[in-house]
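Beneath this line is the structure, given in C-alpha cells, with notes to follow.
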There are 2 protein chains.
Amino acid sequence: MGVAEQEFPGFSGGLGRRVPELGALELLLAVARLGSLGRAARELGITQPAASSRIRSMERQLGVALVDRSPTGSRLTDAGALVTDWAQRIVEAAEAFDAGAQALRDRRDSRLRVAASMTIAEYLLPGWLIALRAQRPDTAVSLLAGNSAVVAERLLADEADLGFVEGLSVPTGLDSAVIAHDRLIVVTAPGHPWARRRRPLAAAELASTPLILREKGSGTRQVLDAALGGLARPLIELSSTTAVKASVVSGAGPAVLSELALGEELSARRLVSVPVADVRLSRALRAVWPAGHRPAGPARDLLSLTVASGG
Amino acid sequence: MGVAEQEFPGFSGGLGRRVPELGALELLLAVARLGSLGRAARELGITQPAASSRIRSMERQLGVALVDRSPTGSRLTDAGALVTDWAQRIVEAAEAFDAGAQALRDRRDSRLRVAASMTIAEYLLPGWLIALRAQRPDTAVSLLAGNSAVVAERLLADEADLGFVEGLSVPTGLDSAVIAHDRLIVVTAPGHPWARRRRPLAAAELASTPLILREKGSGTRQVLDAALGGLARPLIELSSTTAVKASVVSGAGPAVLSELALGEELSARRLVSVPVADVRLSRALRAVWPAGHRPAGPARDLLSLTVASGG
DNA sequence: CCTGCACATAGAGTGGGCTTATGGGCGTGG
DNA sequence: CCACGCCCATAAGCCCACTCTATGTGCAGG
C-alpha cells in the first residue's frame, strides 16, 4: 500500500479485475430469464438488495447500463443483451468444469465409474456428463483419467464400468465401439514461417523440426511418434495441453494438437494450422468395456449419448 | 443465519459456489505454464503466500489435489491437468467477454468504430477483437449493436468505420463482402415430439406452431418471417438469445436459432435439431462500408481477419 | 384508495483474500 | 562444505466486498 499500483499492459493479467465473477454472471442470466431482479434473487437464494447491488456494481465495473429498471420489472438493455450472451458462454464453460470436477471428486459411492483417456476426458466428457445429468439427475459419476493401458486395467479389474480410449488399437480383452474420429493438426503462431506455407509439410520435415510436446506417455504423442515412423524431437515438454497451446501462441514454436483442443484458437486466428502431406494423423476415439459384458444401466445411458453425438 | 441453509437441487443455482473464481483459475493456468507458484504469483502481481493459499483453497473446494509441490517447483497432478484444461475453456470465454465489454464501453476516442448486427456481435466479434488485439495491441475499438438499418445509418453518417449485417439484402449506399453464411436451425428439447421426427418438418407446420422467439425487430426473426412467407406465431417473446435457449432447454417449446448460437447445446444433446423441408433458412453474413470508401487502417485489419476466418 | 410487487437506500456484521514476516527443504557454485 | 538462491508453508493482522435487515418510493389493479 502507498506504493503505486502496477498495470501489466500486454499480458492477460487481471482478467479477474475486468470480468465479473461467476456469481454475478449467473445473476444476470437469471434476471434476463425471469424479468425481475427480485425473482432472480429468490432463485439464487439471496435477497433482493443483494441482487440489486450486485448488478449495479457489475454495471459500474463494465461501464455500461445492463438492465432497464422499472416499477414493473427489469429488462435488458441492448448492451445488456449482448453482455448476457457473452456471459452465457462463460457460464456454459463453468458448467462443464463443474460436471467434470464433481466426477473427479466423487470417487466412492458412485453408480457409474468411467475411465477415460486425457483427450476425451478434457474435451468430450464434461458435455456428456451434463447431458447425462439432464436425463438421470441422480446418477453419481466418477472419473479416472489415464492412458489406454490404465483404462483397460481398470475395466478388467471391475474398477470401472465404461472406458474411453484414443489409441490406434483396442486393448485385448475389451469390446469397443467407435464413437468419433480425431485428427491431429500441426499448428503455429500466425507469425511463424510455416503459417504462410501453401505446399504441405513433408513427414520428414515435421520429424526433423523440434516441436512443443506434451510429456512422454501422452496418447497424442504416441500417435505422433507412430505417424512419423520414429520419435518426434522435443523443443520443450510441457505438462498439459493448455501449457502447450499457450506456448505456441506466444511464438515458441510449432506443435501437434488434437483438433478438439483447437476450436477457438483456430477460428480466431490465434493459431494457424499447417497442411501436412504424407502423414496419417488421424485416430479413432472408442468406447470400451470388458469383452462380453455389454454395458447396462447408467453405463448404457452414457454410451448411447456418446455414439449419438459422435461425428 | 440460524435458519437452515437451502439447497436448490436440480436447478443450476450455486455454480459460483462450486466453481472457483476467475482469478483462481487464471492463477492455476499460470502455475501450469510457469511451473512454480511463486513465478505465477509474480506474473499476476500478487505475493507467493497469496498464490499458495489460493491454490490450496481451490483444492479444498474441488476436493482434489491439483499441483504436486516440491522444493524445486510445482507440477500439475493428473487431475490438475484435467482441471486446468477445463479452466482454460472458462478463461477463453472470459477473454471474449472482456474484449467485447471493453468495446461496448470505449465509445469515444476509439480508433476503430464498429457497428454490427446482434448475431455477429454476439458470436463472432469477440473472437475477432481478440485476434485484432494480438496483431495491433494499441487499437481501441468501440462497438455498437443494432439492426441493418442502424448499421447503415451509422456508416453513412461517418459514425462508424466498418459494419457487419446479417440481412438478406445489402442496404443501399453500402459496399459489402460476404464473410460467412449462417443457417437457422429449428431446435427443441430432447423430450419434445419433434426431436424424434425423421421426416422433415414442412414450412406450413412450422408456421402454424407457436414458437419461442426473440422480440420483433431481431434479425433472426425477420429472416424467419420471410422464410415462412408470413409471420411466425409467438409462444413467448424473450429479450435475448440466452433466454430463448434456456426456455427451449426447459421444455417450453421449439425455437429457431442461428447455428452460431448452438454449438455446445447440440453436441451435448441438451437441444436437438429438427430437419426442415421446404424452407430456406440461410443467410449471408456481410461486412459493409460506405460505397466507394474501401476500408483502410484498423478497419482494413479487422476486415482481413474476418474474411480469412469465415466459413 | 389500498394492497402487492417492483426497485432503491442505509447501516451493521462477517469472512475471504491480501499483505508482511518468518521458517524449513533442496540445489548449486565458490 | 557452507552459503546463497529458489522453492514452498505457516502465522497474524488488515481491509474490502458482499451480505443481511429494515426501511422508503413508484406504479398497477381491484
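Just so we're on the same page: letters track the sequence lines, and every chain starts at 1.
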ask   = What pairs with B:Glu159 under side chain to side chain contact (heavy atoms under 4.5 Å, CB included), at least two apart in sequence or on another chain?
value = B:Arg154, B:Ala157
How many Å lie between [atom1] on [X] and [atom2] on [N], as a whole number?
X       : N      : atom1 : atom2 : result
A:Ile46 : D:dC18 : CD1   : P     : 11 Å
A:Arg17 : C:dG17 : CZ    : P     : 13 Å
B:Leu22 : C:dG17 : CG    : C1'   : 16 Å
A:Leu34 : C:dC5  : CG    : C1'   : 15 Å
B:Leu27 : C:dG17 : CG    : P     : 12 Å

Name the atoms and distances for all side-chain donor-acceptor pairs under 3.5 Å in residues 64-74 of chain B, with sequence neighbours left out.
from, atom 1, to, atom 2, distance (Å)
B:Arg69, NH1, B:Glu59, OE1, 3.2
B:Arg69, NH1, B:Glu59, OE2, 3.3
B:Arg69, NH1, B:Val67, O, 3.2
B:Arg69, NH2, B:Glu59, OE1, 3.0
B:Ser70, OG, B:Thr72, N, 3.0
B:Ser70, OG, B:Thr72, OG1, 3.0
B:Ser70, OG, B:Gly73, N, 3.4
B:Ser70, OG, B:Gly73, O, 3.2

task = List in chain and number order the residues that pass salt bridge (Lys or Arg N to Asp or Glu O under 4.0 Å) with B:Arg39, two or more places apart in sequence or in another chain; answer none if no residue qualifies.
result = none
note = Contacts of B:Arg54 meeting salt bridge (Lys or Arg N to Asp or Glu O under 4.0 Å) (sequence neighbours excluded), chain-then-number -> B:Glu21
request  = Under 4.0 Å between any heavy atoms, over every strand shown, what does B:Ala50 touch: base, sugar-phosphate, or nothing? Just pick one.
outcome  = base
message = What contact category does A:Thr47 fall into here, base, sugar-phosphate, or nothing, at under 4.0 angstrom with non-hydrogen atoms?
response = base
task = Can you sort out the partners of A:Ser258 under side chain to side chain donor-acceptor pair (under 3.5 Å), two or more places apart, ordered by chain and number?
result = A:Asp182
Any residue meeting side chain to side chain donor-acceptor pair (under 3.5 Å) with A:Thr241, in chain and number order, not counting sequence neighbours = A:Glu122, A:Arg214
Is any side-chain N or O of [X] closer than 4.0 Å to OP1 or OP2 of [N]?
X       : N     : answer
A:Arg39 : C:dA6 : yes
B:Ser36 : D:dC8 : yes
B:Arg42 : D:dC7 : yes

message = Walk along nucleotides 21-30 of chain C from 5' to 3' and tag each nucleotide B, S or - by protein heavy-atom contact under 4.0 Å, base first, then sugar-phosphate.
response = B---BS----
List the atom pairs, with distances to 0.1 Å, where a side-chain N or O of residues 242-256 of chain B and a protein N or O form a donor-acceptor pair under 3.5 Å, not counting sequence neighbours.
from, atom 1, to, atom 2, distance (Å)
B:Thr242, OG1, A:Asp85, OD1, 2.7
B:Lys245, NZ, B:Ala261, O, 2.9
B:Ser250, OG, B:Ser247, O, 2.9

message = Short of 4.0 Å, heavy atom to strand atom, which residues of residues 51-69 of chain B count as contacting DNA chain D?
response = B:Ser52, B:Arg56, B:Arg69
Selection from C:dG17, C:dC7, D:dT19 that lies nearest to any side-chain heavy atom of A:Ser74 = C:dC7
task = Please report the C-alpha distance between B:Arg105 and A:Gln61 in whole Å, then the side-chain angles of each, then the deciding distance to 0.1 Å, and finally whether the side-chain contact (heavy atoms from CB on, under 4.5 Å) criterion is met.
result = CA-CA 10 Å; B:Arg105 173 176 39 215; A:Gln61 179 181 18; over 6 Å; no
request  = Please check if the side chain of A:Ser52 supplies one atom and the backbone of A:Gln48 the other of a donor-acceptor pair under 3.5 Å.
outcome  = no
